[in-house]
Each structure stands twice: as C-alpha cells, then as structure tokens.
Amino acid sequence: MARTVGIGITGGIASYKIADLVSRLKKEDLEVIVIMTESATKFITPLTFKTLSGREVATDLWSDSLEWKVQHIGIAEQLDLLVIAPATANFIGKMAHGIADDLLSTVVLANTAPVLVVPAMNTNMYQNQIVQENIQRLKDINYKVMEPDSGLLACGVTGEGRLPAVDDIYQVIMNILNPQHDLKGKKIMVNAGTTCEDIDPVRFIANRASGKMGFCIAQNAARRGAEVILVCGNSSAEVPPGVKVIPVWSAEEMCQVMLEHQDSCDAIIGAAAVGDFKLADTKEQKLKKADNREDKLLLELVGTPDILQELGKRKKPSQITVGFAAETENVLENAKKKLSSKNLDFIVANDVTKEGAGFGTDTNIVTFINRSGDIVSLPKMSKDEVAARILDQVIELMNRLQ
Ligand code: PMT
C-alpha cells in the first residue's frame, strides 16, 4: 500500500524549492499531502503543489468542508511521515510549545507519525538562543531536525540557515520511510529497457521492454542502501531517483559499459531485453520505400554479444549474477538452460504470454530457479514487489558467501 507523506510548508523564501521535493516524492509512488500555512501561500501558490501532488492542498482550518475532520485530524491519521520544510523560526516556536492556531500546527499536534523538521531562516534568527532551545525541545521529543546549509541567504547574509539541498532532504525522507538498509555498502549494477540496433539513420530494431522491471529493481536497491548503476537502453518509464544512470543504445554498447563496471560490483541483475540480432551491415543512407507492395526488402542479421554470458565468464566467486528469462513456451526448461549457459546464480523466469506478466505491464508473474534446482513460483504481484523479492534472494546469497 502506498505510504503517505505530509509536507507542511511554512512561510519562507525557500518554500519554492519544496516543489521539486514534492515532484520527486511522487515519483516514488508515495501519496503526498501538502499543507501550507497562510504565509507560505504568499511565497508560492497552492496551485503549484496541487498540480505536483495530484491532490488539493490543505491551507485552511476553517474551510467550509463537509469533511471538516479531514482538515486536521483526518490528515494526521493518514500520515506515515510529517515533514515541515521549510520550517520558520515562528513555526518551530509554535511546535515546541504546542500552539495550534492554524491548520498545519493542528495537524502537528494531532499527528503520531515521525516528524522531520527542516529549518531555513536568516543566520541570526537560526543562531538565536530561543530558536536553538526550541529546536532542542523538538529533538528531545524525537523529532528529527536537519541542520541547515551555510551559504549566501536570500536576505543577503552569508552564513547558516539555508534550506539543505532537496536531494539531501529527499534522502533523509527515504531513509526514515525505509529503515531496511540491508544493501548498505553494496554496489549493484542493473540493466533495463530495450537495446536498439540501427537499420539505417532513421530506423532501428528494438522490442517491447519499457524498462519498468529493471527500474523497480534499481529503485528498490537504492532504497535499501545500495550504490546503484542503472545501464539503461531505450525505455518509456521514468528514471528512478537516487541511482547512477548510464544510457546506452545497442547491445554492444550495453555490453561494453557493463564489462567496464563489472569488477566493482557485488551483484549484477540483467532485466533488460537485449536484442539478439543486429544488421550485418547498417545502411548509411535511409532505405527507400518500396514502389510496389510486392517488393521485398531482405536484411541480413547477425548475432549480438550475449552480455550476461560475457559477464559470466569473468565473474568473481564473490559476485552474484541474476538473469531473467522471457519465455513464451517451455518456460522452466528454457530458463534452466539460460541459468547454466550464462553462469548465473539464479534466474527469474517470466512467461511473457500471461496476462499481467512481462513487457510493459506494472505487474509480473515470475518463477525463481537457482543453481541447486530449487524452484519458487510467485503469484502475480507489482514489479516493485517482484524487485523486492529478487533483492531478498540476492542478499540471502551474499550472506551465504560470507
Ligand atoms: O521492461 P519491462 O517492460 O518492465 O519488461 C520486463 C521484461 C519482460 C523485459 C523482463 O521481465 C525480462 O524478462 N527481461 C529479460 C528479457 C530477455 O531478453 O530475456 P531472454 O530470455 O531473451 O534473455 C535471458 C537473459 O539474458 C536476460 O537476463 C537478458 O537480459 C540476457 N541477455 C539476452 C540476450 C543478450 N544478447 N544478452 C543478454 O545479456
């Protein structure tokens, strides 16, 4: 079930930066409820956040709503995390002393989820003893408070008080939401999408892979603390945040990039649909349309490198390699052959003819087969869940190797 993050925006100039944060959180498949104080709405309009979060922005404790409870208690009840960013000196003071005189401060009091406070203000205000004591009070009741950055502030002063980089706030949020950090210290390379082989300067051979499966694996691994390299062919899915993306075009290019990075990786997962054929001779000029429907165009195709097989030849004993098998018949039999010919630790077989499995879907139906011949078939689940199960297996294998 999607988790819900409340983003409470108070009246500081840095509030415009929170638009980027909301947009990034939405890409994580989180529900985002934006609550703005009246002062915040003077800096940036609720419409911006309504558009980015895909839902009404809550601004008014007294709004004439039939569902009045939703306006404060109701919001608080839905939250898995409440973030106050930017948090002004005034709002920090209110939180520290239990003052609840507007919608956001009432939500803070009614909330039982973890709270992350991201102060941003003028340096002297930040260093003021009263503000520091208020921050300490918040820390004492287990609110997580981020340190502001130093630099040139909007008020012209240089010093402490700048909103930390959105990247850093995002990372802290993801860490709070995903305390499972079982891949910390590990480096994982994933490939995704379809490779493309040029026919001529405007046409190419590709396949139906959207990149979703590989992106979910990359995103899950990053959430679980891994350093992730995503080697990405053509794809229609949105690139996940927090991973290093290396875009590639052809199977040969993908192979070269993956071989270059192989040695530094603890695990490699091949979810890309790599084209098995390329043109023997790519045409330098655009092929002309046939004048006659009876005319035939014959193209000579030759094989591309088998990337996982190449990686399998050079694999270190401590490295885990995982492949997929996209099958339309004899699923288990074909998958077992690929497991052995590519020297994989396990293979994820998907029968791509099944509804809800394979190319372009948000779900998949997979079977894991390992070297000992153990077979685990999973029911239809989201690609995100499949990704989590694959990583659980990878971790189990890593632990066995230790
Ligand atoms: O991207 P989506 O739309 O989410 O779709 C997901 C998927 C269907 C693409 C994915 O679940 C999947 O099955 N990926 C593997 C597709 C594939 O190429 O399967 P294969 O059975 O032809 O290849 C077996 C394995 O060898 C794969 O891990 C493949 O990446 C790898 N391979 C294949 C050919 C080649 N030349 N080099 C390779 O490394």
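Atoms within a ligand are numbered from 1 in the order they appear, just like the ligands themselves. Only this structure's heavy atoms are used, side chains among them; waters, hydrogens and symmetry mates stay out.
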Student: Yes or no: does A251 have any heavy atom under 4.0 Å from an atom of ligand 1?
Tutor: no
Student: How close does the nearest protein non-hydrogen atom get to atom 9 (C) of ligand 1, and which residue and atom is it?
Tutor: A271 O, 3.7 Å
Student: Please list the nearest protein heavy atom to atom 21 (O) of ligand 1 with its residue and the distance rounded to 0.1 Å.
Tutor: K338 NZ, 2.5 Å
Student: Could you identify the single nearest non-hydrogen protein atom to atom 23 (O) of ligand 1 and state the distance to 0.1 Å?
Tutor: F324 O, 3.8 Å
Student: Any heavy atom of A335 sitting closer than 4.0 Å to ligand 1?
Tutor: no
Student: Going by atom types only, do Q219 and E28 share a side-chain donor-acceptor pair under 3.5 Å?
Tutor: yes
Student: Does this structure show an ion pair linking R203 with D200, if we count only N-O contacts that are shorter than 4.0 Å?
Tutor: yes
Student: Answer with yes or no whether the side chains of E160 and Q127 bring together a donor and an acceptor at under 3.5 Å.
Tutor: yes
Student: Return yes if a side-chain donor-acceptor contact under 3.5 Å exists between Q78 and E31, otherwise no.
Tutor: no
Student: Between R24 and D167, does any side-chain N to carboxylate O distance fall below 4.0 Å?
Tutor: yes
Student: Does a side-chain heavy-atom distance below 4.5 Å link V190 with F215?
Tutor: no
Student: Which of the atoms of ligand 1 are close to A209, meaning less than 4.0 Å from one of its heavy atoms?
Tutor: 1 (O), 3 (O), 9 (C)
Student: Looking only at protein heavy atoms, which one is nearest to atom 28 (O) of ligand 1, and how far off is it?
Tutor: G270 O, 2.7 Å
Student: A325 heavy atoms, cut-off 4.0 Å: which ligand 1 atoms fall inside?
Tutor: 21 (O)
Student: Suppose we screen for ring pair (Phe, Tyr, Trp, His ring centres under 6.0 Å). Which residues come up paired with F204, at least two apart in sequence or across chains?
Tutor: W249
Student: Quick one: do the S264 and K187 side chains pair a donor with an acceptor below 3.5 Å?
Tutor: yes
Student: If you take all heavy atoms of F346 and N370, which pair is closest and at what distance?
Tutor: CB-CA, 3.8 Å
Student: Between N343 and R371, is any side-chain donor less than 3.5 angstrom from a side-chain acceptor?
Tutor: yes
Student: Which of the atoms in ligand 1, numbered in the order shown and given with their element, are less than 4.0 Å from a heavy-atom of D276?
Tutor: 34 (C), 35 (C), 36 (N)
Student: With heavy-atom distances below 4.0 Å as the criterion, list the atoms of ligand 1 near T304.
Tutor: 36 (N)
Student: Purely on distance, is any nitrogen or oxygen of V352 under 3.5 Å from one on ligand 1?
Tutor: no
Student: Of the protein's non-hydrogen atoms, which lies at the shortest distance from atom 33 (C) of ligand 1, and what is that distance?
Tutor: K342 NZ, 3.8 Å
Student: So, K315 and D345, do they make that salt bridge, N to O below 4.0 Å?
Tutor: yes
Student: Determine whether the side chains of D384 and N220 contain a donor N or O and an acceptor N or O closer than 3.5 Å.
Tutor: yes
Student: Taking only heavy atoms of A272 into account, list the atoms of ligand 1 that are under 4.0 Å away from them.
Tutor: 14 (N), 15 (C), 16 (C), 17 (C), 18 (O), 29 (C), 30 (O)
Student: Quick one: nearest non-hydrogen protein atom to atom 36 (N) of ligand 1, plus distance?
Tutor: P305 O, 2.9 Å
Student: Check whether the side chains of S105 and D102 place a donor and an acceptor atom closer than 3.5 Å, and report yes or no.
Tutor: yes
Student: Is N364 in contact with ligand 1, taking contact as a heavy-atom separation below 4.0 Å?
Tutor: yes
Student: Would you mind listing which atoms of ligand 1 come within a distance below 4.0 Å of any non-hydrogen atom of G323?
Tutor: 28 (O)
Student: Identify, by atom number and element, the atoms of ligand 1 in contact range of F359, meaning under 4.0 Å from any of its heavy atoms.
Tutor: 3 (O), 5 (O), 8 (C), 9 (C)
Student: Answer side chain, backbone, both or neither: which part of N350 comes under 4.0 Å from ligand 1, heavy atoms only.
Tutor: side chain
Student: To the nearest 0.1 Å, how far is atom 39 (O) of ligand 1 from its closest protein heavy atom, and which atom is that?
Tutor: L308 N, 2.9 Å
Student: Just distances here: any N/O of S210 and N/O of ligand 1 closer than 3.5 Å?
Tutor: yes
Student: Does the residue K383 have a heavy-atom contact with ligand 1, meaning some pair of atoms that are separated by less than 4.0 Å?
Tutor: yes
Student: Starting from atom 5 (O) of ligand 1, which protein heavy atom do you reach first, and at what distance in Å?
Tutor: G358 O, 3.5 Å
Student: Counting from 1, what ligand 1 atoms have a heavy atom of D306 closer than 4.0 Å?
Tutor: 35 (C), 36 (N), 37 (N), 38 (C), 39 (O)
Student: May I ask you to check whether E385 and S382 show a side-chain donor-acceptor distance below 3.5 Å?
Tutor: yes
Student: Are any of the N/O atoms in A273 less than 3.5 Å from those in ligand 1?
Tutor: no
